Structure formats: C-alpha cells, structure tokens
Peer 1: 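Structure in structure tokens, see below.
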Amino acid sequence: MKKLINDPGQVVVEALEGLALAHPDSVRVDLENRVVVRTDAPRPGKVGVISGGGSGHEPLHSGFVGVGMLDAAVCGEVFTSPVPDQLLAATQAVDGGAGVLHLVKNYTGDVMNFEMAAELAAEMLGTRVEAVVIDDDVAVQDSLYTAGRRGVGATVFVEKIAGALAESGADLDAVAAIARKVVAESRSMGVALTSCTVPAAGKPTFELGEGEMELGIGIHGEPGRERLPLGTAAEVAGRLVEPILADLDFTGRDAVVMVNGMGGTPLIELYIVYREVARLLEGAGVRIARSLVGNYVTSLEMAGCSVSVLRADDELLALWDAPVDTLSLRWGA
Amino acid sequence: MKKLINDPGQVVVEALEGLALAHPDSVRVDLENRVVVRTDAPRPGKVGVISGGGSGHEPLHSGFVGVGMLDAAVCGEVFTSPVPDQLLAATQAVDGGAGVLHLVKNYTGDVMNFEMAAELAAEMLGTRVEAVVIDDDVAVQDSLYTAGRRGVGATVFVEKIAGALAESGADLDAVAAIARKVVAESRSMGVALTSCTVPAAGKPTFELGEGEMELGIGIHGEPGRERLPLGTAAEVAGRLVEPILADLDFTGRDAVVMVNGMGGTPLIELYIVYREVARLLEGAGVRIARSLVGNYVTSLEMAGCSVSVLRADDELLALWDAPVDTLSLRWGA
Amino acid sequence: MVGRDDVARWLADYAAVVHENAAELTELDRAIGDADHGSNMDRGFAAVAALDPSGFDDAAAYLKKAGMTLVSTVGGASGPLFGTFFLRLGGAWPAEDGDAAGLGAALRAGLDGILARGKAEVGDKTLVDALAPAVDAFDAAAGEGLGAALSAAAAAGAAGRDATVPLVARKGRASYLGERSAGHQDPGATSMALLLDSAARALPGSGG
Amino acid sequence: MVGRDDVARWLADYAAVVHENAAELTELDRAIGDADHGSNMDRGFAAVAALDPSGFDDAAAYLKKAGMTLVSTVGGASGPLFGTFFLRLGGAWPAEDGDAAGLGAALRAGLDGILARGKAEVGDKTLVDALAPAVDAFDAAAGEGLGAALSAAAAAGAAGRDATVPLVARKGRASYLGERSAGHQDPGATSMALLLDSAARALPGSGG
Ligand SMILES: Nc1ncnc2c1ncn2[C@@H]1O[C@H](COP(=O)(O)OP(=O)(O)O)[C@@H](O)[C@H]1O
Ligand SMILES: Nc1ncnc2c1ncn2[C@@H]1O[C@H](COP(=O)(O)OP(=O)(O)O)[C@@H](O)[C@H]1O
Ligand SMILES: [Mg+2]
Ligand SMILES: [Mg+2]
Ligand SMILES: [Mg+2]
Ligand SMILES: [Mg+2]
C-alpha cells in the first residue's frame with residue numbers, strides 16, 4: 001500500500017483537519033462528529049439538506065457543501081457509512097426550523113444508519129426529517145434478489161438540484177419531491193480498470209489482470225458484475241451507455257451527462273470517454289444539454305470511470321443552472 | 001498499460017474533441033492546431049496570455065482558459081512541448097493588438113519551441129511577444145550544470161495572476177513584469193509514489209518498489225533526484241517543505257499554498273498532506289493567506305503530490321482573489 | 001445466573017477474538033464486500049471493551065450501553081445490526097439475571113431486532129444465517145441448562161455460518177455480485193458465529 | 001554530386017531506421033528522460049518521408065522543407081534541434097549539389113544551428129556529442145572523397161554516442177538527474193549517430 005497518510009486509522013479525521021485548515025472561509029468542520037457544515041448554517045426558515053456516507057469518495061460529499069448545494073456532509077470511515085450520532089449532529093447543525101432532507105445512497109449500511117438517525121432526530125430534536133434514497137446504478141438489475149440498485153454518480157445531480165431548490169426557500173416536501181424526481185430520472189453505470197486499497201485493509205480489494213476490467217462496479221472498490229477484457233475507450237463507453245439507454249428512454253429528451261473519474265484515471269482519458277459517450281448519446285437521439293467531466297464521485301485511487309445521465313426537463317435544467325458555490329462545484333454565484 | 005483510450009497516437013486530439021463537445025459555451029477548440037481558446041478571443045486592446053506545453057498535465061493548461069486567466073492553451077503531444085506552428089496559431093488567435101505574453105515552463109523543448117514561435121510571430125504577424133520562463137522547482141539545485149529549474153506547480157500561480165492583470169487592461173510590460181515577479185516569489189517541490197505510463201511508450205517510465213518514493217520529480221514522469229523509503233505523510237511533507245523554506249525566506253510573510261496531486265493520489269490524501277504542510281509552514285512563521293488543494297498540474301495517473309508556495313504581497317493577493325472563470329479554477333466571477 | 005460481570009467477561013473475550021480475527025474478517029469482506037468488516041467490528045468492540053462494567057447497575061443497562069456504543073462507532077451495515085442486537089438483548093434481559101429460558105427470550109428479541117432493521121431472511125447469506133438457527137437451537141436445548149443451550153447455539157451458529165458458503169447473497173453489499181457471491185463465506189455470519197462461540201466459552205454454566 | 005534524389009534516399013532510409021529503432025530510442029529516454037524520444041522522432045520523420053521529393057527544385061529546398069516539417073511535427077527538444085539542423089543544412093547546401101568540402105560546410109552550418117538553439121557544448125551529454133566530432137571527422141577526411149568523409153563522420157558519431165554513456169548530463173531533461181544520469185546512453189546522441197550512419201549508407205560515394 002503506497003499512500004500519503006500517517007496512520008490508517010486516522011485518515012478521515014486528519015483529512016478533515018486539513019480541509020478545515022485549507023478552507024476556513026468556505027466551510028466549518030465539526031471534527032468530533034466529522035461533519036462539514038456551511039459557514040452560515042443553520043439558516044432560519046431554510047430546509048437543511050445533508051448527505052453523507054463512507055469517506056474515500058471525495059470530493060463527494062464534503063466538496064459539495066455550500067450555497068446552492070449541501071448544508072452539511074457527514075463523513076464515515078473509508079467506505080463505511082457514518083453512524084447515527086454523526087448524522088444526528090449534522091441534522092441539528094443545519095436545522096433552521098423548516099425540516100431536514102437526508103440524501104442517502106442506497107447501501108444497506110447507509111440506509112440503516114440514516115434510518116436510526118431519523119428516528120433519533122424525531123425523538124430527541126423534534127426535527128422533521130425526510131429521507132430520499134438514491135439508487136441510480138443500472139449494473140444492479142434485479143432488486144428482488146439484491147439490496148436494490150446502488151447510489152452512485154447521480155448523487156451529484158440530486159445534491160445539486162435539491163440544494164438549489166432548498167436555497168430558493170421551498171419547503172421540505174417540495175425539496176424531497178424534487179430529489180425523488182432526480183433519482184427517478186437518473187441512471188449510471190461504472191467500470192474499474194484497477195482496484196483500490198482501503199487504508200485499514202492495506203491491500204487491493206480485488207485483483208485485475210493487465211488486460212481486464214470490472215464492469216458494473218459500485219463506488220466502494222467492491223468487485224462489479226462481470227470481468228471482461230479491457231477494450232478501447234469507444235468500446236468501454238458503449239458498455240456503459242447501452243444499459244443506461246436500455247433502462248430509461250432518453251430519446252428526444254434533454255440530458256445532463258456526467259463522465260466521472262473513479263480517482264486514478266487522468267482527465268485526458270475522461271475527455272476521450274466523454275467524446276465517445278457524447279457520440280453514442282447523440283446517435284441515440286439524446287440532446288446533451290449540460291455536462292460535467294472530472295472526478296466527482298471517486299473510489300480512492302481506483303482507475304476507471306462512470307457515466308451518469310439525467311433526463312432533464314426545464315425545471316431540472318433551471319435548478320441545475322442555479323448558482324452554486326462549493327469547493328468542487330461552482331458556477332453562477 | 002491500462003488506459004481508457006482508443007489509440008495511443010490519438011490521445012491528445014480525441015481528448016480535445018471531448019473537451020470541445022463537453023464545454024462549447026466555455027471554450028473554443030482549434031483541433032487542427034490543438035489550441036484551446038477563450039470564446040471571446042481576441043479581445044481588442046487586451047494583452048493576450050497564452051501558455052502551453054506537453055499534454056498529460058490536465059487540467060493544466062486547458063482547464064485554465066477563460067476570463068481572468070489564460071486566453072489560450074496550446075497542447076503538445078503527451079509530455080512533449082507543442083511545436084512553433086501551434087504556438088503561432090495561438091498567438092494569432094489571442095492577439096488583440098496589445099501584444100501577447102508567452103508563459104513557458106522551463107524545459108529545453110518548451111523554451112526552444114516558444115523561442116521559435118516568438119521569432120515567427122515577430123516576422124510573420126508583427127506581433128510583440130514577451131516570454132516569461134517559469135522555473136520554480138527547488139529539486140534542481142544547480143542551474144550551472146543543469147538545464148535550470150523546471151517549471152512545475154507555480155505555473156498555476158503565474159497563469160492566475162498574470163491573467164488577472166491582463167484582464168484589468170494592463171499593458172504587456174506590466175503583465176510580463178507581474179508574471180516574472182510571481183516566478184521570483186514561488187517555489188515548489190514534488191514527490192512520486194508511482195510512475196506514470198506515457199500512452200505511446202506503453203509502460204511505466206520508471207519502476208518504484210513497494211516501499212519507495214522518488215523525491216524531487218518534475219511533471220513528465222521523469223525520475224527525481226533521489227529514491228527514498230516512503231515515509232508518513234508528515235515525513236513526506238517535511239521533505240517537500242524544507243527545501244522550499246531553505247531556498248526563499250517566507251518568515252513573517254503571507255503565502256499562497258498549493259498542495260497539488262500528481263493525478264493518481266486521492267483528494268483525501270492530499271488533505272492529509274495539506275494538514276502537515278500547513279503545520280510546518282505555520283511553525284516556520286509563514287502566514288497562509290490562501291490555499292488550493294487538488295489536482296492542478298498532473299503527470300497522467302502518477303501517484304504523488306507537490307507543494308508550491310508563493311510569497312505574496314497585497315498586490316499579488318488582490319490579483320489572486322480577482323474573479324476567474326475557467327473550467328478548473330473559478331471564483332468571484 | 002448470568003450477571004453483569006459474566007457479560008463483561010463475554011464482551012472482553014469477544015473483543016479479543018474480533019481483534020485477533022479482524023484481518024480474516026476483512027479478507028472475507030474483500031471477496032464479496034468492501035474489505036472493511038474486520039476493521040468495523042474491531043473499532044466497535046474495542047470501544048465496547050473500554051466501557052467500565054462497574055459503572056452499570058446491571059447486565060441489562062450494560063448491554064444496552066454496549067449496543068449504543070456499537071451503533072455509535074461501527075457504522076456500515078454491521079453497526080446498526082450488532083448494535084440493535086445488543087440494545088434488544090439488554091432490553092429483554094431477564095430481571096433475575098436470567099435462567100436459560102429468559103436468556104433464550106432475550107436472544108430472540110435480539111434476533112427480531114436484527115430482522116426488523118435489516119429485513120433479511122434465513123438464506124439471504126447474512127449474519128441472520130448464523131443467528132437464527134442458533135437462537136432456535138438455544139431454545140431447543142434450554143431444558144438441559146444454560147451451558148448446553150449456549151453450546152448448542154454456538155454449534156448451530158457455526159453450522160449456519162458454514163452454510164452461507166454456497167449461497168447467492170440476496171441482502172447487503174454481496175448481493176450486487178449475484179452468482180459471483182456463491183462459494184464465499186459471509187463475513188457477518190462469521191463474526192456472529194464467533195460471538196456465539198465466545199458466549200459459550202465465557203458465560204457461566206458453559207462447563208455443563 | 002549529392003542531389004535531391006540522393007537526399008530523398010537518405011531521408012527515406014533514416015525514416016525507416018527511426019521507425020525500427022523507435023522503441024529502443026524511447027527506452028533510452030525512459031532511463032534519463034521522459035520516454036518519448038522514439039515516438040517524437042518517428043512522428044517527425046514519418047512526416048518527412050511523406051514529402052514528395054519531386055515537388056522540390058533542388059536538394060536545398062527539399063532539406064529546408066524537411067527541417068520545417070520536423071519543427072512542425074516533432075515538438076520537445078529534438079524538434080527544434082533536428083529541425084534547425086536540416087533548415088541550416090538546406091540553407092548552406094552547395095549550389096552545385098556539393099562536393100565533399102561543400103557538404104562539410106553545410107554540415108557545420110547545421111551543427112552551428114543546433115549549438116545556437118540549444119546552447120549545449122560537447123560533453124553535456126546531448127546529440128551534440130555525436131554531431132560535433134562527426135563534422136570534424138568529415139572535414140578531416142573530406143580530401144579522401146565524399147564516401148570516406150561520410151564513413152568517417154558516421155564512425156566518429158558512433159564513438160561520440162558511446163562516449164555519452166559515462167557522462168553526467170548538463171543540458172536537457174537528463175540534467176535533472178545529476179549523477180544518476182551517468183551510465184546511460186543519451187537518446188538524442190543515439191538518433192544523431194543513426195542519422196550519420198544512414199547518410200554514410202544512403203548517400204552516393206559511400207562505396208568509396
Ligand atoms: N440486510 C441485512 N441483514 C442482516 N445482515 C446484513 C444485512 N446486510 C448486510 N448484512 C451483514 O453485514 C455484513 C457486512 O458488514 P460490514 O462489512 O461491516 O458492512 P458494510 O457492508 O456496510 O461494509 C455482511 O457480511 C452481512 O452478514
Ligand atoms: N540543449 C540541448 N542541446 C542539444 N541537444 C539537446 C539539448 N537538450 C536536449 N537535447 C537532446 O534532446 C534529446 C531528448 O529529446 P526528446 O526526448 O525528443 O525531447 P524532450 O527532452 O523534450 O522529451 C536528448 O537526449 C538530448 O540529446
Ligand atoms: Mg463498508
Ligand atoms: Mg518530451
Ligand atoms: Mg464491508
Ligand atoms: Mg524525451
């Protein structure tokens with residue numbers, strides 16, 4: 001394991017200390033609870049929007065805290081969901097009296113910990129919490145015999161758009177509804193070229209041969225659905241785009257497209273993938289209205305990428321375009 | 001070699017096609033000359049600021065084209081400086097009649113190609129060109145017996161600050177002077193935990209053992225000054241910060257600090273490094289006024305990081321804070 | 001019969017067992033999960049072991065605090081599940097510090113908590129596959145005394161754990177692997193079997 | 001004596017040699033540079049080989065175009081250097097399509113162009129270490145005829161290339177390695193030696 005760390009057990013807290021030192025004007029960091037909060041939270045009358053999960057996916061979620069996006073991000077251990085206490089602390093920190101939206105990626109651990117936190121928030125704080133579970137990963141086909149589709153790249157879409165609506169002063173039901181709409185309209189698929197190494201585990205989660213790729217991965221370094229020979233960028237893009245288009249009809253619709261790096265793939269490759277993805281989508285009659293290319297939802301140093309597509313109407317596009325001022329997503333502000 | 005590419009020979013042009021497809025509203029891409037240009041260039045009366053070099057360092061330079069930073073970025077083959085024709089095309093594209101500043105990283109190839117381009121620009125276009133050579137890398141100690149210090153992380157400082165002054169309407173001499181000032185006040189040092197693979201070469205440029213690091217690397221995957229056992233983040237930060245502080249006196253001064261990822265190191269580790277760097281600098285009496293943490297000047301998928309420090313007065317800080325609106329650096333705009 | 005200090009011995013024993021087996025548990029999770037089960041459990045049970053038993057009035061309060069501690073420190077899927085198990089175990093702990101039947105009822109309350117929280121069924125390739133047959137075996141042997149019941153539970157838990165190997169996972173992270181999850185032992189069932197084994201070793205009456 | 005079509009044969013031969021040796025050149029550059037010298041040279045000379053010689057009035061125009069082509073396609077350090085070499089070679093090409101002395105003067109003009117552009121000296125571990133002694137050797141043997149002069153130049157170039165091995169680089173990318181650059185053959189000197197070797201093989205008079 002080759003990492004720039006001091007102690008595998010201290011990775012998350014030391015990184016948060018670094019974040020706090022680096023950006024004192026942008027975010028407030030509650031080191032005890034490992035929560036990154038907007039400097040102006042709680043804002044009276046504003047719905048609080050929080051998200052969280054295991055660490056190791058940076059910039060998700062801490063890089064998306066700020067005006068027009070998240071009010072707080074809750075950081076679990078690497079690839080391990082945060083515990084209810086942390087989520088409760090975050091809920092309290094952003095509760096401006098209008099209720100709090102929990103954005104939860106659909107993993108058993110995340111769902112259970114958020115559930116317990118919502119129960120505690122109702123009991124102990126009297127805060128109204130709505131939870132929206134994000135499950136955009138088309139690699140998981142059968143929700144009857146699985147824990148259901150995972151929450152992956154679309155998390156960025158949900159956080160951006162729900163955050164924009166909350167910023168505009170909408171109420172909790174409306175913000176939760178738009179988040180659910182984004183989930184319903186989003187699909188993602190990912191591929192790994194290498195595994196990643198959880199610091200506490202000390203060695204790669206899986207091994208891939210020189211000519212192999214894992215197709216249909218999540219974001220925790222877990223193996224994917226199938227191991228296939230690594231193809232060209234065009235072939236890989238095809239394997240990612242096809243199941244997305246097969247799952248939801250995007251024909252003739254506007255789309256927000258993200259080509260997301262898993263951490264270890266350079267930007268120059270992500271743009272090559274974007275080129276292929278754009279051609280495939282346009283060939284299928286999809287109108288690309290907005291795009292993002294870069295590392296947004298990562299799995300530590302894993303090489304690979306994911307494609308996420310949001311079927312967007314004018315309402316979603318307007319919220320997507322609304323000002324956002326966070327460490328890792330910033331425009332119009 | 002595991003890369004998301006189609007053809008090692010087409011990496012740069014296909015990535016630029018992807019860039020053009022992804023961001024039609026932000027930049028204009030001249031695919032023939034591999035030049036990324038501001039959509040509003042040339043702006044009459046404004047000094048044009050261009051930079052360029054080998055590709056594989058993204059987001060440098062193409063991610064820094066836009067209001068308040070570069071007017072154009074010129075993209076060579078991977079790790080190979082662009083040719084004079086490309087630089088000439090970029091010079092012409094941004095020439096608003098007030099002359100053009102060439103920002104050149106100090107590598108033999110870059111310097112010679114930019115020199116030839118400046119000669120051609122004077123002869124063929126009658127454009128006045130000033131060139132500023134960036135050489136911030138303290139790993140190269142002896143400029144008598146070497147090609148001189150390399151241009152590395154401080155390139156971001158120079159491009160940002162010279163770009164801000166040019167945006168304000170300053171003339172070519174003033175913009176060149178501020179660029180030279182930033183170069184004089186900046187120092188950098190980098191470390192690699194893994195090598196990277198040039199697509200056309202097909203295998204890693206160097207091999208590093210499991211417990212080793214290369215200290216004092218440039219940004220082209222070339223080996224560094226020494227091979228050392230990999231230490232903790234705190235130890236590595238010490239090895240990076242010490243030679244910087246030994247080379248320039250930052251005591252009691254404001255500093256802009258960048259902890260830059262080489263491409264394959266996750267953000268969570270960069271923040272741990274930042275924590276250590278901040279402590280060391282503060283312990284040495286340096287006041288950290290601004291900071292950047294992330295992948296800004298990369299070497300493809302290399303794991304590792306570099307630290308750059310700019311000794312900043314009020315003039316430089318004000319220019320640093322000036323609005324910038326590019327794909328990879330955006331604030332205040 | 002099983003008092004606060006017996007529980008303390010059990011939890012201390014289990015914390016040591018988890019620590020020793022952390023690498024192996026993570027290894028199992030590497031194959032069909034995300035390579036963190038051992039460190040999750042180790043972090044949680046180290047925190048439980050750091051609790052001072054003498055600060056609690058009785059076994060019930062102590063067990064509930066252990067459950068809270070797990071919920072607060074483990075995270076992931078195993079945190080709420082093991083946490084809920086101990087919270088419910090403490091909640092249903094027999095007032096008289098339990099005979100075998102009372103302990104069996106408490107164990108079932110723990111199991112029910114896990115089922116309610118995680119919605120898994122036997123055969124889904126989760127820790128339920130170790131715990132559910134263990135609770136049944138405990139009840140069946142309760143008439144023979146606590147020691148026999150605990151041994152029966154441990155044996156059934158171990159068998160349940162082994163039975164997870166051929167299964168295709170239907171809950172938790174391993175379910176994403178589909179058929180590829182078959183042939184691997186479930187990490188959570190493994191740590192649950194170790195917990196039952198530790199109980200049989202550390203709780204009183206284990207000799208007979 | 002050395003006309004446009006002789007030059008065409010030389011450039012075609014060298015383009016083939018570079019293509020064959022591209023991997024090896026890149027390999028040398030991997031050790032003390034950035035692993036691109038072979039692909040840089042290959043890209044450039046493939047473009048040169050694609051020029052149609054019949055489109056040029058004479059060898060001088062053709063060589064200048066080859067130089068421009070290299071400048072425009074190679075990039076890096078070798079692009080301006082090899083490009084300048086051919087530009088100057090063409091610029092100084094003897095009007096009468098050269099005897100040996102005239103060719104020697106042209107080669108020296110090429111060398112001077114490289115020295116002016118790159119500011120390296122003999123011993124800096126660059127392509128100058130192959131070219132400078134080769135031009136001297138050419139001049140010294142020019143009296144014996146073109147073939148002998150070219151052979152002498154090629155031999156001196158090869159020796160100069162070999163002499164780069166123990167040197168510590170003082171110019172170019174390899175200089176950053178300091179002492180670590182010693183023990184490796186310079187890639188640019190290697191491709192320069194191949195160019196001289198190709199000239200000795202492909203240009204007329206090489207038999208004698
Ligand atoms: N819905 C569920 N019900 C019961 N147990 C479950 C459920 N989901 C997962 N588990 C158990 O949790 C174990 C994994 O725990 P752990 O690795 O700590 O959490 P995570 O999967 O969040 O990384 C699995 O091996 C399985 O036994
Ligand atoms: N200043 C210089 N003068 C002469 N030759 C040089 C100089 N700098 C570098 N070279 C030559 O260029 C070669 C490297 O070329 P190449 O790898 O194509 O370019 P780059 O170093 O830009 O990647 C070196 O091996 C050396 O022979
Ligand atoms: Mg986990
Ligand atoms: Mg190069
Ligand atoms: Mg796990
Ligand atoms: Mg090179």
Side-chain angles (χ1 to χ4, degrees), chain A residues 8-9 52-54 56 76-88 107-117 120 137 139-150 195-207 216-227 299, chain C residues 22-23 25-27 29-44 46-47 67-84 87 113-114 116-120 123-126 167-181 184 188:
Chain A
E77 284 298 317
V78 173
F79 294 167
T80 301
S81 98
V83 301
D85 310 43
Q86 297 176 267
L87 296 163
L88 188 67
Y107 297 95
T108 306
D110 293 64
V111 169
M112 291 193 298
N113 282 286
F114 268 96
E115 270 174 18
M116 294 186 91
L120 290 171
D137 177 16
V140 179
Q141 279 155 346
D142 196 333
S143 65
L144 217 72
Y145 298 109
T146 65
R149 287 181 166 177
R150 296 171 288 212
S195 180
C196 58
T197 299
V198 176
K203 58 177 179 170
T205 307
F206 57 87
E207 298 287 351
I217 51 155
I219 56 171
H220 298 87
E222 63 270 51
R225 279 194 75 82
E226 330 173 53
R227 187 157 296 194
S299 294
Chain C
L25 292 171
T26 287
E27 203 53 42
D29 198 30
R30 182 194 315 285
I32 56 170
D34 59 351
D36 65 358
H37 186 60
S39 41
N40 290 346
M41 293 292 287
D42 196 21
R43 183 171 59 247
M68 284 300 300
T69 302
L70 293 171
V71 167
S72 303
T73 55
V74 177
S78 44
L81 294 170
F82 276 87
T84 298
L87 278 168
I114 284 181
R117 182 63 67 199
K119 300 179 188 69
D124 284 352
K125 193 173 184 125
T126 70
L167 295 177
V168 172
R170 282 192 301 237
K171 278 282 180 293
R173 209 176 284 285
S175 68
Y176 304 130
L177 287 174
E179 299 290 333
R180 287 169 82 187
S181 65
H184 298 277

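Throughout, protein chains are lettered first and strands after them, A, B, ... in sequence-line order, and every chain is numbered starting at 1. Bear in mind that the values here come from a model prediction, so they are computed numbers and not experimental data.
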Peer 1: Out of A:S195, A:C196, A:P204, return the one with the most heavy atom pairs under 4.5 angstrom to chain C.
Peer 2: A:P204
Peer 1: Compare every heavy atom of A:F79 with every heavy atom of C:R173, then report the nearest pair and how far apart it is.
Peer 2: NH2-O, 4.0 Å
Peer 1: Looking at every non-hydrogen atom in both residues, tell me the closest pair between C:P80 and A:M116 and how far apart they are.
Peer 2: CB-SD, 3.6 Å
Peer 1: Is A:A201 close to chain C through its backbone or its side chain, or both, or neither, when contacts mean heavy atoms under 4.5 Å?
Peer 2: both
Peer 1: Begin with the C-alpha distance, continue with both residues' side-chain angles, and end with the deciding distance and a verdict on side-chain contact (heavy atoms from CB on, under 4.5 Å) for A:T108 and C:K171.
Peer 2: CA-CA 8 Å; A:T108 306; C:K171 278 282 180 293; 5.8 Å; no
Peer 1: Looking only at heavy atoms, which two atoms of C:V71 and A:N113 are closest? And how far apart?
Peer 2: O-OD1, 4.4 Å
Peer 1: With a 4.5 angstrom heavy-atom cut-off, is it the side chain or the backbone of C:V168 that approaches chain A, or both, or neither?
Peer 2: neither
Peer 1: Between A:P8 and chain C, which part of the residue has a heavy atom less than 4.5 Å away: side chain, backbone, both or neither?
Peer 2: neither
Peer 1: Given a strict heavy-atom distance threshold of 4.5 Å, which part of A:D85 is in contact with chain C: side chain, backbone, both, or neither?
Peer 2: side chain
Peer 1: Just give me the residue among A:P84, A:G53, A:G202, A:A200 that pairs up with chain C most often, heavy atom to heavy atom, under 4.5 Å.
Peer 2: A:P84
Peer 1: Of the backbone (N, CA, C, O) and the side chain (C-beta and beyond), which part of C:T84 lies under 4.5 Å from a heavy atom of chain A, both, or neither?
Peer 2: side chain
Peer 1: To the closest 0.5 Å, what do you measure between CG (C:D124) and OH (A:Y145)?
Peer 2: 11.0 Å
Peer 1: Decide side-chain contact (heavy atoms from CB on, under 4.5 Å) for C:D36 and A:E77; before the verdict, give the C-alpha distance in whole Å, the side-chain angles of both, and the deciding distance to 0.1 Å.
Peer 2: CA-CA 9 Å; C:D36 65 358; A:E77 284 298 317; over 6 Å; no
Peer 1: Heavy-atom cut-off 4.5 Å, strictly under: side chain, backbone, both or neither for C:A169 against chain A?
Peer 2: backbone
Peer 1: Between C:S175 and A:A147, is there a donor-acceptor pair closer than 3.5 Å when you use the side chain of the first and the backbone of the second?
Peer 2: yes
Peer 1: Check whether C:A31 gets within reach of chain A through its side chain, its backbone, both or neither, counting any heavy atom under 4.5 Å.
Peer 2: backbone
Peer 1: Please classify the contact between A:Q86 and chain C as side chain, backbone, both or neither, with a heavy-atom cut-off of under 4.5 Å.
Peer 2: neither
Peer 1: I need the residue from C:G76, C:G75, C:A35 with the largest number of non-hydrogen atom pairs under 4.5 Å to chain A.
Peer 2: C:G76
Peer 1: Need one label for C:R117: side chain, backbone, both or neither, based on atoms under 4.5 Å from any heavy atom in chain A.
Peer 2: both
Peer 1: Between the side chains of C:E27 and A:K203, is the shortest nitrogen-to-carboxylate-oxygen separation below 4.0 Å, so that they form an ion pair?
Peer 2: yes
Peer 1: What's the shortest heavy-atom distance between A:T80 and C:N40, and which atoms?
Peer 2: OG1-OD1, 3.2 Å
Peer 1: Looking at every non-hydrogen atom in both residues, tell me the closest pair between A:T205 and C:G33 and how far apart they are.
Peer 2: CG2-O, 4.2 Å
Peer 1: Heavy-atom cut-off 4.5 Å, strictly under: side chain, backbone, both or neither for C:S72 against chain A?
Peer 2: both
Peer 1: Please find the pair of heavy atoms, one from A:V198 and one from C:D34, that lie closest to each other, and give the distance.
Peer 2: CG2-O, 3.8 Å
